[in-house]
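Notes follow the structure.
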2 protein chains.
Amino acid sequence: MHAGTVRRRHDTTAVNPRAAHLSLALRHVAEASGQISRADIAARTGLNRSTASSLVDELITGGLVKETGATPRTRAGRPATALALRDDGPAGLGVDVNVDYTAVCVVDLTGAVRYKHVVAEDQRGHTMAEILDRINTLSRAAHAAARADELTLCGSAIAVPGIVDRDRATVTLAPNLGWRDLAVTEVLPADVHGLLDNEANFAALSEPGLLRARASYLYVSGQIGVGAGIVLDGHLYRGTHGWSGEIGHLTVDRDGPPCPCGRRGCLERYAGQEAILRAAGVSSDPGTALGVRPTITLIADRARSGDTATLAALTRAGEVLGATLAGCLNLLDLGHVVLGGIYRDLAPWIAPEVEREVATQFLGAPWARPTVEVATYGPEAPAIGAARSVIHDVIGDPLRWLNR
Amino acid sequence: MHAGTVRRRHDTTAVNPRAAHLSLALRHVAEASGQISRADIAARTGLNRSTASSLVDELITGGLVKETGATPRTRAGRPATALALRDDGPAGLGVDVNVDYTAVCVVDLTGAVRYKHVVAEDQRGHTMAEILDRINTLSRAAHAAARADELTLCGSAIAVPGIVDRDRATVTLAPNLGWRDLAVTEVLPADVHGLLDNEANFAALSEPGLLRARASYLYVSGQIGVGAGIVLDGHLYRGTHGWSGEIGHLTVDRDGPPCPCGRRGCLERYAGQEAILRAAGVSSDPGTALGVRPTITLIADRARSGDTATLAALTRAGEVLGATLAGCLNLLDLGHVVLGGIYRDLAPWIAPEVEREVATQFLGAPWARPTVEVATYGPEAPAIGAARSVIHDVIGDPLRWLNR
DNA sequence: TTCGATTTGTTGCTGGGCACAACATACGGC
DNA sequence: GCCGTATGTTGTGCCCAGCAACAAATCGAA
């Protein structure tokens, strides 16, 4: 079940066993894609074989699951028929509105990205209406592409750089876009109700291992700010208001340099994009449009060519970031960190430092060595994660798709 | 459902609707004690009135719920019969083994503490066998007291200062007790299976508001170290290994004083008991037995009499603690902190500082002002929370009690 | 006071869905 | 070719939630 919409925030409501079991069976198919049979589902869930069969049949006739021939026969006995998710059923539309680009993508039930389109253009030169219009146009194109690919869009989600109110589907505040109390999902095609969340949160959902391994990890997204998505047991933890993961303003040094937020020595002042650029001696003039990517690849180029100032800046940033993350891991008892955003591009220099800091400062290290991983997707992560969240909702409540 | 034992760590198993609904009904009775009727339960859960009646009847015949006359009649219509938890049914046994005292208590289904006994004696002068023997003796006495009070002990839980492996019911490491890989729950009466957890975690469960309000908060437990229990939506969050809440070694200042853990500038070095004592100019010689309480009350006395060094030490500790907690709240998006352990005794001087720091540094403050609260229970909190965790398990799975 | 309106709790009925058992199916091994 | 084994299907019974009708207990108004 996707932690967001279907979330049993108050699990004080009655349970529908059929719906729960359909989701359960579908989840097992998704987690062990292509290598699972009806009997396996029965064994793993504790349900009776006949019940599992009935559930799978309903999922098959509903167009969510298909049989994929027989499994490789190993033991004696009748060979099982393998089950897998259909890749021509429901699909999710993901949109990412960032400061200097807009991205849309379509993800099918298996989690595969079936369509992707990125428009790299700084939003700051455009009015709100123009931005919304672009979102609308891109969404329509994605919608058409999905239909041409025999996919049925069954939902959409928008990632924005800011604070959102998910219940009201409203952007509370997105400073870099100049948005405040904006119901942005209304520009989406009417037949797909729109979800909404922070970029870091959706980016965290883009990791492919999430569903398969029922993972718990901290996804760190380095951008102009530094955010994080907290994934616990395969579910995004959003906090009481939906603002979880605000690590950019954790205090590194109470006597450190002042931060626009009013405090001193925030993590962003050491490991944020601007701080890295400044420490490396690169001008970070916001007037040079298309800011984010190019400057970061510039940094990477410099580091690759051995520029000492750049290498020192990255080492320092990695150290500070690692130390801060170690604290987060200690608080949450998480054993896994994923480096996303700019840290993914800078991973060759940042990751070792983070790994070292985390290994030495994680208190559980003697019993469980923490791992640091580089994100699978780069700038397209929020859009993919957004689309995937739609898929998660289908898997969490397949009945809504079945009797649509 | 209690997040610990009954926890759907992998919610990959079939659901038993009857069990879930019994728990649901019982939970509603517990949350709205004395002011709820069968019809209310039906309305709030979405279950049919007849179903709610059936569930309540089963809970009544099982000895978990009772009718308490009629409700004050306000509107027209047949007056409802109020329901409440029985206080003469199942009860939980809680044990707290700390460095300088051992505590046991019995909590009934309503959450009330029905028996309590604390033996203040430093464990460091005794062998492991002696300590275990004392636990056994105290437990037997509590068992007898519960029986004399017409209560039926249906489970037990032990709080220890250290790292535990809940699945194996084993203390992995309790430095101050000298324990390592000890299956401490085996000394409990055989008919009550023993749970096990860290003191801070159980202490967090001792707060009475937990069940009623489905709360989310950070319970900070100041002792020799500084620990925390993370409560999300009324459930204790224990992390992937059960070590969550380790805030004592969050870094306050990377260039700060060295800490025995090998790092520098850990929170404990500023807001831990020893640090406060030292900063206040009080000797913290560990040779003076019965260390914890008396020295803390001494500090409180000094502060009350206006000793400037003491007041400065407390202000500083509160500041640093508050700043660190603000970071935790930002990461987890929690809006509520409970100050427990020594911070409860020192609350008059610590709490305002914490409150100020949290208010200014919590990023969500403009939309949701964070609150700081003083813990309900003092040193007995872990034992009470341990006992209460047993009760939570009964409420989370009443069937196990009903067909015992 | 009486009668309708209203809300609560109970009872009998129905149907959905799961467990169970028996059976058909399809292999491997001897 | 036969037996053992594992998978998937079919038929049966039971649990339990929903539904509707009814009894119970109050309020309000004529």
Side-chain angles (χ1 to χ4, degrees), chain A residues 13-26 28-29 32 34-62 65-84 398-399 402-403, chain B residues 13-26 28-29 32 34-62 65-84 398-399 402-403:
Chain A
T13 49
V15 63
N16 178 347
R18 187 66 178 178
H21 289 160
L22 280 170
S23 168
L24 193 58
L26 187 55
H28 274 95
V29 174
Q35 294 288 11
I36 195 171
S37 67
R38 294 167 169 82
D40 289 332
I41 293 175
R44 294 180 199 180
T45 58
L47 291 165
N48 191 282
R49 270 215 317 282
S50 61
T51 308
S53 249
S54 152
L55 293 167
V56 168
D57 288 348
E58 192 166 345
L59 292 173
I60 288 178
T61 57
V65 169
K66 65 182 174 187
E67 298 183 335
T68 61
T71 51
R73 15 195 172 293
T74 65
R75 296 165 298 184
R78 171 175 172 174
T81 47
L83 303 169
L399 266 187
L402 293 180
N403 46 28
Chain B
T13 50
V15 62
N16 179 347
R18 188 64 177 180
H21 288 160
L22 280 169
S23 167
L24 193 58
L26 187 54
H28 274 95
V29 174
Q35 293 289 12
I36 196 171
S37 68
R38 294 168 169 81
D40 289 331
I41 293 175
R44 296 181 198 181
T45 59
L47 292 164
N48 192 283
R49 270 215 320 281
S50 60
T51 308
S53 249
S54 152
L55 293 167
V56 168
D57 288 348
E58 193 167 342
L59 292 173
I60 288 178
T61 57
V65 169
K66 64 182 176 187
E67 298 183 334
T68 62
T71 51
R73 14 196 173 293
T74 65
R75 298 165 296 185
R78 171 175 171 174
T81 47
L83 303 169
L399 266 186
L402 293 180
N403 46 27

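Naming: A, B, ... by sequence-line order, numbering from 1 per chain.
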Take A:Gly46 and A:Ala76, find for each the nucleotide of DNA chain C with the closest heavy atom, and name the residue whose nucleotide sits nearer the 5' end. A:Gly46

If you only use heavy atoms from C-beta on, which nucleotide in D:dA25, C:dT10, C:dA19 is closest to the side chain of B:Arg78? D:dA25

Length of the CG-P vector between B:Asn16 and C:dC18, whole Å: 12 Å

Reckon A:Arg38 touches a base, only the sugar-phosphate, or nothing at all at heavy-atom distances under 4.0 Å? sugar-phosphate

Are A:Leu83 and A:Lys66 side-chain neighbours, meaning at least one heavy-atom pair lies under 4.5 Å? no

From C:dG9, D:dT9, C:dA19, nucleotide with atom closest to A:Leu47 side chain: C:dA19

Measure the distance from CD1 on A:Ile36 to P on D:dA6 and round it to the nearest whole Å. 18 Å

With the side chain of A:Asn48 defined as its heavy atoms from C-beta on, choose the nearest nucleotide among D:dC19, C:dC18, C:dC20. C:dC20

Between B:His21 and D:dA17, does any side-chain N or O lie under 4.0 Å from OP1 or OP2? yes

Test item: A:Thr45 and A:Thr51 side chains (from C-beta on) under 4.5 Å apart, heavy atoms: no

Regarding B:Ser50, tell me which of base, sugar-phosphate or nothing describes its non-hydrogen contacts under 4.0 Å with the strands shown. base

Main-chain N/O of A:Val15 paired with B:His21 side-chain donor or acceptor, under 3.5 Å: yes

Check every atom of D:dC19, D:dT9, C:dT10 against the side chain of B:Arg49 and return the nucleotide holding the closest atom. C:dT10

Using a 4.0 Å heavy-atom cut-off, does B:Arg18 contact any base of the nucleic acid, only the sugar-phosphate backbone, or nothing at all? sugar-phosphate

For DNA chain D, whose closest nucleotide is more 5', that of A:Ser37 or that of A:Ala14? A:Ser37

Looking at every heavy atom in both B:Leu59 and B:Ala25, which two are closest together, and how far apart are they? CD1-CB, 4.0 Å

Nearest-angstrom distance from the residue atom CG of A:Asn403 to C1' of C:dG16: 15 Å

Distance in angstrom units between A:Leu55 CG and C:dA19 C1', rounded: 13 Å

By nearest heavy atom, map A:Ala39 and A:Gly77 onto DNA chain D; which one lands nearer the 5' end? A:Gly77

Please state how far atom CG in A:Asp57 lies from atom P in C:dC18, giving the value in whole angstrom units. 13 Å

Please check if any side-chain donor atom of B:Ser54 sits under 3.5 Å from a side-chain acceptor atom of B:Asp57, or the reverse. no

